[in-house]
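In each ligand, atom 1 is the first atom listed, and ligand 1 is the first ligand listed. All residue numbers refer to positions in the sequence shown, counting from 1.
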Amino acid sequence: MRDMPIGVFDSGLGGLTCVKKLRKILPNENIIYFGDTGRVPYGNRSNETIKKYAYQDASFLKSKNVKAIIAACGTVSSVATELESDLDVFYTGVLKPTATKAVSYTKNGKIAVLGTSATIRSGSYEREIKTINPDIEVIVQDCPLFVPLVENGFTNKDNEITKLTVEHYLKNIKFLGADTVILGCTHYPIIKAIIGEYLGMEVKLIDSGSATAYHCADYLREHDLLNSSGVPGKTEYYVSDTEESFRKLAGIFLKEKLGENVFHIDISQFKKITN
Ligand code: DGL
């Protein structure tokens, strides 16, 4: 089982924030990534649709014989909560690792959560934070335009449109003075430089993709499930839209040239999870 790959999925590019960190901290692991680029964004859809998509994504990864599944997606983690009990391999979403990290960082007891509309509507991060420490004040803000900006490559730190959008959504957070801000959608760390510049250096930004990568690494280590082959791991990327646009944008974010390791799949044929 140790030498089986780790499966990671998201609606699009966002989950790469988790993959990038996994590759850094666990360089011998093979990774299968699925980005549902044909159906992104998830965050403004109904709970029913998000659950259906999440089960299909997990079902695809199961078909690849993975030893662990990471929903590197705040939206899926918040809405498709039954997924964990329906899988017979280690599964984690982003909520718990991210909330735990944020609580350990805040000094003034004010944490802001940025997420998709579905994530914010679910109240998931607030619940998770309050379970760890009920005294923390939680400020929430949905930022529905961030995902399309990222998926369309508006990620350069000088991009005026993204800068204006960041100001629009974060004005209130800045005013209320949270010292810790959760980037609760995995797409958001891709524009972290712009968010950080607007909020100021004294505000700690918590990257949900990265926090979850560390959580998965800890689990695999504690359960003696780390790859033991001793050779550098490979990553394969699967997408539901064209390979070409993913190669381009993911390549920019990962700072490498993607080629034959990007494949297109028809996600609609994956329906049931077969354990
Ligand atoms: N990256 C995902 C999240 O963390 C999904 C964003 C979307 O598709 O709306 O919420």
Side-chain angles (χ1 to χ4, degrees), residues 7-22 33-58 61 69-81 83 91-99 101-102 112-128 140-155 162 165 169 181-192 195 205-213 215-216 237-241 245-246 249-250 253-254 267:
V8 183
F9 74 91
D10 177 45
S11 60
L13 294 166
L16 295 176
T17 56
C18 181
V19 169
K20 197 172 183 177
K21 187 58 79 178
L22 275 177
Y33 182 74
F34 174 63
D36 199 359
T37 51
R39 304 191 295 196
V40 65
Y42 282 8
N44 52 9
R45 297 185 191 273
S46 69
N47 286 1
E48 204 186 0
T49 302
I50 294 165
K51 280 183 198 185
K52 181 177 130 191
Y53 289 176
Y55 272 79
Q56 290 183 317
D57 303 348
L61 290 177
I69 293 184
I70 303 178
C73 175
T75 307
V76 166
S77 313
S78 301
V79 174
T81 46
L83 205 47
Y91 167 84
T92 182
V94 299
L95 293 175
K96 198 170 274 172
T98 310
K101 194 166 174 196
V113 180
L114 312 182
T116 65
S117 301
T119 296
I120 299 304
R121 183 176 72 221
S122 75
S124 58
Y125 272 108
E126 270 160 299
R127 266 195 307 282
E128 205 66 53
V140 298
Q141 177 66 55
D142 62 336
C143 311
L145 290 175
F146 283 179
V147 170
L149 286 170
V150 168
E151 289 289 330
N152 287 285
F154 286 50
T155 54
T162 307
T165 314
Y169 286 132
V181 174
I182 290 180
L183 306 178
C185 165
T186 51
H187 278 73
Y188 300 176
I190 299 178
I191 52 167
K192 192 175 177 178
I195 296 172
L205 302 180
I206 308 290
D207 174 335
S208 50
S210 165
T212 308
H215 174 65
C216 179
Y237 302 90
Y238 293 81
V239 290
S240 52
D241 202 53
S245 57
F246 182 84
L249 292 171
F253 174 66
L254 294 169
I267 191 66

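Considering all non-hydrogen atoms of both residues, A99 and I182 come closest at CA-CD1, 4.4 Å. Counting all heavy atoms, side chain and backbone alike, A72 lies closest to V8 at CB-CG1, 3.7 Å. When all heavy atoms of L95 and S78 are compared, the closest pair comes out as CD2-OG, 3.9 Å.
Of all atoms in ligand 1, numbered sequentially from 1 with element shown, those under 4.0 Å from a heavy atom of C185 are 1 (N), 2 (C), 3 (C), 4 (O), 6 (C), 10 (O). Atoms of ligand 1 found under 4.0 Å from any heavy atom of D10 (numbered from 1 in listed order, with element): 1 (N), 2 (C), 5 (C). Atoms of ligand 1 found under 4.0 Å from any heavy atom of P41 (numbered from 1 in listed order, with element): 7 (C), 8 (O), 9 (O). Contact atoms of ligand 1 toward T116: 6 (C), 9 (O), 10 (O) (distance under 4.0 Å to a heavy atom of the residue). Near S11, the atoms of ligand 1 lying under 4.0 angstrom from a non-hydrogen atom of the residue are 5 (C), 6 (C), 7 (C), 8 (O). With ligand atoms numbered from 1 in the order given, ligand 1 contributes 8 (O) to contacts under 4.0 Å with heavy atoms of V40.
Taking each of Y42, Y53, F9 in turn, the one with a heavy atom nearest to atom 7 (C) of ligand 1 proves to be Y42. Taking only non-hydrogen atoms, the option from G74, S78, S77, G43 nearest to atom 3 (C) of ligand 1 is G74.
With hydrogens and angles ignored, the 3.5 Å screen pairs no side-chain donor or acceptor of R45 with any backbone N or O of A118. In terms of modelled atom types and a separation under 3.5 Å, the side chain of S208 and the main chain of T98 share no donor-acceptor contact. Proximity of a side-chain donor or acceptor of T162 to a complementary backbone N or O of F154 within less than 3.5 Å is detected.
Once rounded to the nearest 0.5 Å, the distance linking CG of D241 with CD1 of I267 reads 13.0 Å. A distance of 11.0 Å separates OG1 in T186 from CD1 in I70, rounded to the nearest 0.5 Å.
Remark: ligand 1 and T119 share no N or O pair separated by less than 3.5 Å (distance only, no angle test).
Looking only at protein heavy atoms, the nearest one to atom 1 (N) of ligand 1 is H187 ND1, 2.7 Å. Residue, atom and distance of the protein heavy atom nearest to atom 10 (O) of ligand 1 are T75 OG1, 2.6 Å.
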